[in-house]
Amino acid sequence: MTKYDILKRYFGYDCFRPGQEAVIDMILQGRDVMAVMPTGAGKSVCYQVPALLLSGITLVISPLISLMKDQVQALNQAGIHAAYINSSLSETQIAKALQLAAGGQYKIIYVAPERLETAGFLRFAMHAEISMLTVDEAHCISQWGQDFRPSYLKIVSFINQLETRPIISAFTATATKKVKEDIVCVLGLQKPGVFVTGFDRQNLYFGVEATRKKDAYILDYVQAHRDASGIIYCATRKNVDMLYELLQLHGISVTRYHAGLTNEMRQQNQEDFIYDVCLVMVATNAFGMGIDKSNVRYVLHYNMPQSLENYYQEAGRAGRDAEPSECILLYSAQDVIINRYLIEHKDIKEDGIDTADGQSQAAHMRDEERLQMMHNYCLTTDCLRQYLLRYFGETQLTDCGNCSNCQQEYEAVDVTAAAVKIIACIRQMHQRYGIHVVAGTLAGANRAKLREYHVSEYEAYASLSEMPEAEIVQIITHLQVEQILQATPDRYALLKLGPKAGAVLDGSYPVIYKRRYAAKPDADSINHQAKKSSRSKLDSLDSQGIILFEKLRELRAQIAREEKMPPYIIFADKSLVDMCSKTPLAKEQMLQVNGVGEYKYQKYGERFLMVIREFVNK
C-alpha cells in the first residue's frame, strides 16, 4: 500500500496539502525531521501516514490529554487502531493498553511525557519495535519557547535508553528561529530535514480594536454571529464569569472554562462546546490546547495575551477547516498592567522541579520582551499579518488586505521634528520617567504630579504645546514600535533611548507616522464587514443546497449523540458542503467527497446517501 492509498483509504483525501508530502517522504527514508506548520495545516497526517507504512509502532509524545483523546477517536473512526496513555487512565487501564500494544494491537500510541520513565512503560518500550518517536508541541522542549515544560526533557533520556534509536520527528505550530534551533539541538536530531511550511493562515482575518466598551462590543459581535461557534479568551477568571453571565442573560448558547471550576464542570463544559451543545466558549488561556474542533468561526480576545506565540496559538483555533474565520483582539492599556502582574507572579515550577534563580531571571526577561512585542502588535498601524509573520521569521512583501489595519484609512505624516523633541526631552529628564510624564512635559501640562517633578524647569517643557497630549502619546508609542524608544520591562515602564534614536537625531532616519483620519467602523459596520470578509463554502450552495446541508448536519448530530463523539470527527462541515455540491447517489460517487474514506463510508456512508437520495427524489 502506498502513501496515496493510505491518504485516500483512511483519511478520504485525494492529495496532500502543501508541505505534507515532503515531510512524509523524508520520514520514510529513515531521516529525522523537524516541521513547523501552522494550526490547520495537517501536521498529524505527516506522522500518521508514515506510521502506517513503517513496520513497528509510532509513539506520539503530547502534553495534551484532550488532543490525545480526540486524535485517537478520529484514528479509530478512520479504521486505524490507536491508543493513548496518560493520567486520565487508571493503572489497570494503562497495563491493559500496554499488553494489547505488546501484542501488536496498535500502530500509533499517544503518551504523556511524564509516563516515559515509569517502570511499566519502560518495560514495554524495551521489548517493542518502535519505528518512530514523534514529539508534538515540540516548542515545549525549548527554554526559549513560550510554553517550556521540564517534563519534556524526559524524552531525551527515554530515547537514550532504547536499544535501537527510532526515527525522531518533531512538530510545532509556532516557533521563532531560536526555538527551532533549540528543538533540533536538545532532541539531538541527526542531520534532520527542517521544514517550515509558513505561518500564514490566509483564511483568518486579524483585527485589533481599541475600545473602552469591550462588553458591548462582545455582545454585539456574538449576537451578530448567533449561528457560529466561537471562543472568547479573557485574562482573568473574574472576566470569564462576568462575560459568561452577560451572554447567558441575552440568550446566547454559552459555556465557560477556567481553573476555578471543578474538574467535572470543566470537562462537561468542554464537551458541551466540542459537541455543539453550546456554541460559545468563554475561557482563560487554560482552555484550548489540543482542542481539534474544526468549525470555530471566530476567536475574540477580551484582553491582550502575554505573547505573540500565545496569541497566534489561541487565534489559530479559528478556521481549522480552512474556512474564512475571524480573530479580533480588544485592546486597552490596562491589559499591559494585568499581564505584567501575571508575569511577576508566574509560577515557575513544574513536576516538582525548581528553576534556578539565574534561569528564573532570564525567563522573566524573555516574558517581558514577548509582552512588549505583543503590545507593539496592538499599537502598530502596519499590516497585522505582516507584523505576525515578521515576528516568526517570514517576510510578506505586500499588505494582506484582510486585517483591520489594511481596511482602515490612514494619512502618512512626517513626525521627525516631533520625534527629535521627544528624544531631547527624555535625555534632559535622564530617562527617569514614563510615557505620560514625558508627554505631559512636552505638551506643557500643569498637573499636580508634573509640578511635583518640577518638569517646567526642563528646556523641553511645552516644546510640543501646539499638539494635543493624546497625540504626543501616540507618537511616543509609535517610536517604541519602531525601536527608536524603549520602555523598561517593569511596572514603571520608564522611557529609554532605543538603538535607532541616534539615526533620528542625525537626520538619517525619517519618522513617518500613519495617523487615522477616517472614523473607526462601529460594531454594526464591523459585523457587516465580517460577514463580507468571512465568505464560507456555504456561499457556493443555492437555497436547496443549504436545506440539504441542514438535513445532513442533523443526521451528523444524531450519529454523534449515538456514538458519544464530537460531530466534526464523523464528518467536517467541509465534507457536508461537498456532499451538497456533488449530491452523490452511490458508493463510488460518495468516495469522491472530500474527507470520505473507505472505512468512514462503511460506517456512515449509506445513512448519508439515504438522506441525499430522499432529498433529490423530492
Side-chain angles (χ1 to χ4, degrees), residues 203-258 261 266 268-288 291 293-305 311 314-321 323-332 335 402-404 407 520-536 538 550 553 567-568 573:
N203 63 311
L204 299 184
Y205 166 90
F206 291 100
V208 173
E209 297 298 330
T211 175
R212 294 181 181 179
K213 299 178 180 178
K214 292 186 177 185
D215 300 355
Y217 186 102
I218 293 282
L219 183 59
D220 287 344
Y221 187 97
V222 173
Q223 285 181 324
H225 299 77
R226 272 186 177 272
D227 296 329
S229 183
I231 303 172
I232 304 168
Y233 281 108
C234 302
T236 65
R237 301 175 193 178
K238 180 181 176 182
N239 284 342
V240 169
D241 291 338
M242 178 274 297
L243 272 184
Y244 166 74
E245 290 167 9
L246 174 69
L247 295 177
Q248 199 175 48
L249 186 66
H250 285 81
I252 304 296
S253 171
V254 63
T255 187
R256 60 181 164 171
Y257 190 105
H258 60 64
L261 304 175
R266 287 201 302 272
Q268 184 59 55
N269 293 353
Q270 179 170 296
E271 289 187 2
D272 284 349
F273 179 66
I274 289 172
Y275 285 80
D276 287 339
V277 176
C278 295
L279 289 178
V280 181
M281 170 63 80
V282 186
T284 60
N285 63 4
F287 173 78
I291 298 299
K293 186 175 168 68
S294 62
N295 64 335
V296 175
R297 290 279 71 88
Y298 61 85
V299 172
L300 307 181
H301 278 81
Y302 187 81
N303 304 104
M304 181 186 79
Y311 176 66
E314 291 162 12
R317 285 165 195 147
R320 292 176 71 105
D321 54 6
E323 289 292 287
S325 306
E326 297 200 317
C327 311
I328 299 174
L329 192 163
L330 305 186
Y331 165 75
S332 70
D335 295 338
N402 191 32
C403 73
S404 58
Q407 295 181 2
K520 290 290 285 182
D522 59 22
D524 288 340
S525 64
I526 286 173
N527 291 330
H528 174 70
Q529 188 174 329
K531 290 174 185 175
K532 248 179 96 178
S533 65
S534 298
R535 298 293 185 194
S536 73
L538 276 177
E550 290 302 327
R553 193 154 69 165
Y568 59 82
D573 282 357

Any side-chain heavy-atom pair of [X] and [Y] under 4.5 Å:
X	Y	answer
Ile274	Tyr568	yes
His258	Asp241	yes
Phe273	Ile231	yes
Arg297	Asp321	yes
Tyr205	Ile328	yes
Asn285	Pro305	no
Tyr233	Tyr311	no

Inter-residue atom distance [X].[atom1] - [Y].[atom2], 0.5 Å rounding:
X	Y	atom1	atom2	result
Tyr217	Thr211	OH	OG1	8.5 Å
Asn402	Phe206	CG	CZ	9.0 Å
Tyr257	Met281	OH	CE	8.0 Å
Ile252	Leu279	CD1	CG	9.5 Å
Gln248	Ser253	CD	OG	10.0 Å

Is there a donor-acceptor contact under 3.5 Å from the side chain of [X] to the main chain of [Y]?
X	Y	result
Asn203	Gly319	yes
Ser325	Glu323	yes
Asn269	Arg266	no
Thr284	Ala235	no
Asp272	Val277	no
Ser404	Val208	yes

### Basic-acidic side-chain contact under 4.0 Å: Arg553, Asp276
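A salt bridge is absent here (no side-chain N lies under 4.0 Å from a carboxylate O).
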
### side chain to side chain contact (heavy atoms under 4.5 Å, CB included), paired with Leu330, selected from Ile218, Asp215, Ile232
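The side chain to side chain contact (heavy atoms under 4.5 Å, CB included) with Leu330 is passed solely by Ile218 among Ile218, Asp215, Ile232.
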
### Query
Checking side chain to side chain donor-acceptor pair (under 3.5 Å) against His301, which of Glu314, Lys214, Glu209 comes through?
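It is Glu314; the other options fail the test.
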
### Query
Under the side chain to side chain contact (heavy atoms under 4.5 Å, CB included) criterion, do Arg320 and Val296 qualify, and how do the steps go?
CA-CA 7 Å; Arg320 292 176 71 105; Val296 175; over 6 Å; no

#### Entry: Tyr331: partners by ring pair (Phe, Tyr, Trp, His ring centres under 6.0 Å), with sequence neighbours left out
His375

### Message
We want to know whether Gln223 and His250 form a side-chain donor-acceptor pair, criterion being a heavy-atom distance below 3.5 angstrom.
### Response
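There is no such pair between these side chains.
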
### Message
Using ring centroids (six-membered ring only for Trp), state whether Tyr298 and Tyr221 fall under 6.0 Å.
### Response
yes

### Summary
Smallest heavy-atom separation, Val240 atom then Arg256 atom, equals CG1-CB, 3.9 Å

### Task
Decide yes or no on side chain to side chain contact (heavy atoms under 4.5 Å, CB included) for Cys234 and Asn303, but give the supporting numbers first.
CA-CA 5 Å; Cys234 302; Asn303 304 104; 3.9 Å; yes

